[in-house]
Amino acid sequence: MTSVFWTWVAAFFTLSILSFLYKDNPFYKFAEHIYVGSSAAFYVLQLWVFDVYPKLVGGFQYKVGIEKWILIIPAFLSVLMLTRFIKPISWLSRWAIAFTVGMAAGLGVTGLLQGFLVPQVKATFLPFYVPGTSFWNSFYLSVNNILIVLGTVATIFYFYFSREHKGALGTISRAGITFIMIAFGASFGYTVMARVSLLIGRMYFLIHDWLHLA
Amino acid sequence: MVPLLLSILFSLEPVRNVRAFDTPDDGGGSITVTWEIPESDTFITRIEIFRMEGSTEAAPELVGYFLRPQTQFMDNTVEDGIPYYYFVRIRSDSVYVDSKITTTPAISKAQWFSGRRLPALIILVLYFGFLMFYIFKAKTGGSLFIRKIAGLEAIDEAVGRSTEMGRPILYILGLGYISDIPTVASLAILKRVSKKAAEYEAEVIVPCFDPIVMVAAQETVKEGYLEAGRPDLYNEGQVFYLTSDQFGYAAGVDGIMLRQRPGAVFLQGLFYAESLILAETGHSIGAIQISGTTAVTQLPFFIAATDYTLIGEEMYAASAYLSKDPLALGTIKGEDIAKMVLVVLILMGALMETLGIHWLSNFFALF
Amino acid sequence: MRREIPLAITFISGFLLIVALFIPHKPFGTLQETFNDWYIIVSGFTMILGIDSLLLHNWNKVKRRKSDWPYALALIMSFFLTFLWGLYSIVYEPTHNPFAPTASFLKYFYKSIFVPLQATMFALLAFFIASAAYRAFRAREINSTLLLFSAALVMLGRVPEGEQAAPYVFGIIFLLFAVYFFIEASLLTAGFLKYLYIALGVLLLVAIYPVGKLLLAYLPKIADWIMNIPQLAAKRGILIGVALGGIAMSLRIIVGIERTYLK
Amino acid sequence: MREFFEKLGKIDRRIIYLIVAIGVITPILFKARLPIKPLPEVRQAFDYIESLPESSTVLISIDYDASSMPELQPMLYAILRHVFRKNLRVIMLGHWPLGVPLGQIALEDVAKEMGKKYGVDYCFLGYRPGIAAVMLNLGKEIRSVFASDYKYTPLDSLPMMKNIHNYNDIALLIGLEAGSVGDFWVQFAQARFNQKIILGSTAVITPDIYPYLQAGQIVGLIGGLRGAADYETLVNTRGPASIGMYSQTVVHILVVALIILGNVGYFVLRRRK
């Protein structure tokens, strides 16, 4: 019996959200507010159980020496953040923000350098001629490589900012935007299937689990 | 039975050239052991690595094993400064044979410089050099040109039109945390938007996904209002937190769009699948929408559903473009020069690969 | 002082992280993880500010009886009910963890309220992707036409039996284009352009059959090729730009040129 | 006439939503099915499970959560049906704490349907933090990370677990992936312990997993809803995936048709201006 009840609850929320497609209405408003409120609480619990508790409380319990006492720094930064509750000294919270923004910058440099810049440049070092199993196979593979190298270069030129896109630069950057547009179309088309899968999942739930029609 | 008999017939050969040495470029606490496997490796069912602490006389301890032929093992259970000796045992079912014990002691220690990352350091220093050079050049005067970016030109117009219609402006910072650069770039655009809004006395609403981003956004909007000379118009309730659930956030923002009917919607920052939910709802209420993200997978949806889109790097250039700060513009020039260097590098690399010369790509593979 | 100290903190934390990339020795080797742990702790406490903001925002609506205030009340109540349910699971249930498979929090709240809400919101995308495609994919000029074609090819190339439908779909598209060119041509006075349009129209009509055959035989391969060659090239170009721009942005933050939340 | 084309260029979005909804619902309601030709990599996965001797043990890892459910849950049901039908034993665990319960729901469902007994034919271990640590310890002794199952029953009290200690005792590992955990499985369980692995993945990450298949590091790959539909076809059950395939094709064709209609309206109006 309880499982029937909970299936109805799930179906109610599913339909309430879907009703949004027609127009804003009390059911959507209700579901939306319940969703925002309960998910906020959900993430507070998740943050506590999976992050803060093991990292801070667990850290103070199990770590030793410097590794333990250094945890005073984040605890202090946390307190600074909370000074926002006290208006006259709320500017102290900027110190904590400063740390997080500095972290963003540091991680930005190291992450982009290692994770994007170098691997992407290296992956573009492709030979213009590939020996294949036959003439046409070789031709096909070589043309593909040439297209990748030229497409990458043209796209980079599209992002050249400090000169008007006229003349040769204009021609290359227009080729770049052509590549970008083909890419966006393909990427859009590629995603449709995954999104429709989600809808099928919900519809199947309604028709099969709730209404027992199929 | 058959492998056992065979291994007795052929007698299992021990592995050769066992070497143990401090793992290079690490923070200590690790020794790498390597060896060579004899030809008859098809009989091997198990490889075991043994360690002796202090001297070759000490009792051997099993520190690792493989169930398939491998020639390298990293022992991460060692302590720095203590000499260790190793040998490797290979088994064919119950039959086994040991290698010689390593003769030189292996002592692990931490390194102060990662030689492996030298190429990264070179590239970084060069790039920073370009950027700093153009920052200093900008300092000594000389104006820099920057091409028109339609999405940024449209900001003032969007804020203005929204004000004319008597509607608020909705600014969405996406799902990024403050430790993501796109979020910081978005804050720079938010500052400009809130300054303009303050000049027009329009309201800016900023619902947030992450509490730290909310705090930073509050400070940013406050600064924007202050720069416009209207700190009196700012109230903390404009920038508020919703929820840290991706689709809960999308549901909440959709609700705000439908009920507060903003005239202009800014979608700037890091977005995931919810991008299209937000952009389509924004379109359905007839708002002017200016989007921007570095998330390549979401760009097609922004292009399709919003009026203007800042593509990738354009978003990073935005703050320099909007502030017209010569120092920031200097870095844009530096970026462009680096781009040209990379283009040359890519073409050169491809050409070298064609000719069968691989050192450049090997240099880049070192990371 | 109010400005210098934050700038100094930003500089030091950013600079240290960059330097740490090249030093494996303690404490630099693990600095990134250490900072990440700190960040998580700080963000955990900042959540208090977030929740305060959310609840206050909605409580004000209730207090001032703004329109839709009952919903704001529902939001506040759902927050506390969920939170208390989770606490109940922590304190009274044997696993002491609301996210354990046996916890009532996960079994009922998560499965029957949270998941349907999340999944349905996500599923709305199927509708939006259709309406956005319909509205935006117009063959305005050459680039948007290419966008349209690559989207249609990949879309049909991904589903079973897509190659059966594709020849008809593209046949119709070619036919329509041909008709369009003929109409254009009929309205022009004789000249190069007129003959060009007629030629293009004829070309499209002739192409319908071979292109259909080609799609029938190779559509999934064509879709893969678009994803693997031109799509990859453009994505790479964008990512290289993003990396350069992001590093420059980071440098601007570290040296204090970029200071959004400070004057 | 002009009005007609004008409407064609500006169909109300709600009508589009309705068309999409009908396109999805009708095939499900009428249980329409497309003749599906399974992809070779899915057949490879199926054949491998087919070849396992009776009462071998299969480990299933749940590495996804609710947002990937529509793609991976049908896959899991189809795999479980196949595995239980072959009288294999199932151990389930997972690395996404919020997804693990979804795995349990499916396991209990299918076990009930096929009359399987807990502890004898299947068991559920749950989640332990630390992806790499869990995987490495499974290479030595499963009890060092999972001393007990999710109900705190010691593993030794479960008859099926008596002789199960490490990868040597597990015939096959099946990982259902929405993120990067699959890479870890290959890196640790396959590369170090030669564990046979089949991965099921969401459409988004499938391209990242293909190289493992080509390199022979995994013995089968089931990608996206399409892969799930293929598997359902092979196992000969009618699940949401194969039913959904018809909807997929219908919706894709509908969207392309809508784009064409929109363009017809657009061109006619542009001509008239």
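Chain letters run A, B, ... following the sequence lines, proteins first, then strands; residues in each count from 1.
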Among residues 117-135 of chain C, which ones touch chain B with a heavy-atom distance under 4.5 Å? Q118(C), M121(C), F122(C), L125(C), F128(C), I129(C), S131(C), A132(C), R135(C)

Are the side chains of M132(B) and L251(C) in touch, meaning some heavy atoms are under 4.5 Å apart? yes

Heavy-atom pairs under 4.5 Å with chain C, option from E236(B), Q246(B), E313(B) with the top count: E313(B)

Y316(B) side-chain N/O to A243(C) backbone N/O, donor-acceptor pair under 3.5 Å: no

With a cut-off of 6.0 Å (strictly less than), are more than 12 heavy atoms of other residues, nucleotides or ligands near NZ of K235(C)? no

For T281(B), is it the side chain, the backbone, both or neither that has a heavy atom under 4.5 Å from a heavy atom of chain C? side chain

Part of L75(C) lying under 4.5 Å from any heavy atom of chain B: neither

Should we say atom NZ of K139(B) is surrounded by more than 12 heavy atoms from elsewhere, each under 6.0 Å from it? no

Under a 4.5 Å heavy-atom cut-off, does chain C meet the side chain of E280(B), its backbone, both or neither? side chain

Give the member of G245(C), A136(C), S144(C) that has the highest number of heavy-atom pairs under 4.5 Å with chain B. G245(C)

Could you tell me the separation between the CZ atom of F240(B) and the CG atom of D52(C), rounded to the nearest 0.5 Å? 14.0 Å

R259(B) versus chain C, the contacting section by heavy-atom distance below 4.5 Å: side chain

If I measure from the heavy atoms of chain C, does V184(B) come under 4.5 Å with its side chain, its backbone, both, or neither? both

Is it the case that atom CG in L126(B) sees more than 12 heavy atoms from other parts of the structure closer than 6.0 Å? yes

Using a cut-off of under 4.5 Å on heavy-atom pairs, state which of V239(B), D245(B), D325(B) scores highest against chain C. D245(B)

Chain C heavy atoms under 4.5 Å from L190(B): which part of the residue, side chain, backbone, both or neither? neither

If you count heavy atoms of other groups shown closer than 6.0 angstrom to CZ of F128(B), is the number above 12? yes

Within 6.0 Å of CE in M77(C), more than 12 heavy atoms from elsewhere: no

Region of S179(B) that comes under 4.5 Å of a non-hydrogen atom in chain C: both

Does atom OH (Y177(B)) have a neighbourhood of more than 12 heavy atoms from anything else shown, all under 6.0 Å? no

Between T294(B) and I238(C), is there a side-chain heavy-atom distance shorter than 4.5 Å? no

Checking heavy atoms, do the side chain of F114(C), its backbone, both or neither come under 4.5 Å from chain B? side chain

Taking every heavy-atom pair that is under 4.5 Å apart, which of V296(B), I277(B), I178(B), I332(B) has the most such pairs with chain C? I277(B)

d(L187(B) CG, R259(C) CZ) to nearest 0.5 Å is 15.5 Å

So, taking the atom named CD1 in I257(C) and the one named CG in L329(B), what distance separates them when rounded to the nearest 0.5 Å? 10.0 Å

Within the supplied structure, the quantity of interest is the number of heavy atoms (other residues, nucleotides, ligands) at a distance under 6.0 Å from F136(B) CZ; does it exceed 12? no

Just give me the residue among L276(B), T331(B), V215(B) that pairs up with chain C most often, heavy atom to heavy atom, under 4.5 Å. L276(B)

Who among I135(B), I181(B), I212(B) has the most heavy-atom pairs with chain C under 4.5 Å? I212(B)

Choice from A273(B), G224(B), G237(B) maximising heavy atom contacts with chain C below 4.5 Å: A273(B)

Under 4.5 Å to a heavy atom of chain C? For L118(B) that would be neither

Using heavy-atom distances under 4.5 Å, tell me whether D26(B) contacts chain C through its side chain, its backbone, both, or neither. backbone

Applying side-chain contact (heavy atoms from CB on, under 4.5 Å), name anything that partners A188(B), two or more places apart in sequence or on another chain. S319(B), E258(C), T260(C)

Using heavy atoms and a sub-4.5 Å threshold, report which of residues 10-42 of chain C line up against chain B, by residue number. I18(C), L21(C), F22(C), I23(C), P24(C), H25(C), K26(C), F28(C), Y39(C), V42(C)

If one checks every heavy atom of N60(C) against chain B at 4.5 Å, the contacting part turns out to be neither

What parts of residues 302-310 of chain B touch chain C if we use heavy atoms and a cut-off under 4.5 Å? A304(B), A305(B)

Non-hydrogen atoms of chain C under 4.5 Å away: do they reach the side chain of F301(B), the backbone, both or neither? side chain

Which value, rounded to the nearest 0.5 Å, describes the distance between L54(C) atom CG and M214(B) atom CE? 10.0 Å

Heavy-atom contact with chain B under 4.5 Å, split by part of L239(C): side chain

Minimum heavy-atom distance P211(B)-S43(C), with the two atoms named: CG-O, 4.4 Å

Are any non-hydrogen side-chain atoms of L244(C) and Y127(B) less than 4.5 angstrom apart? yes

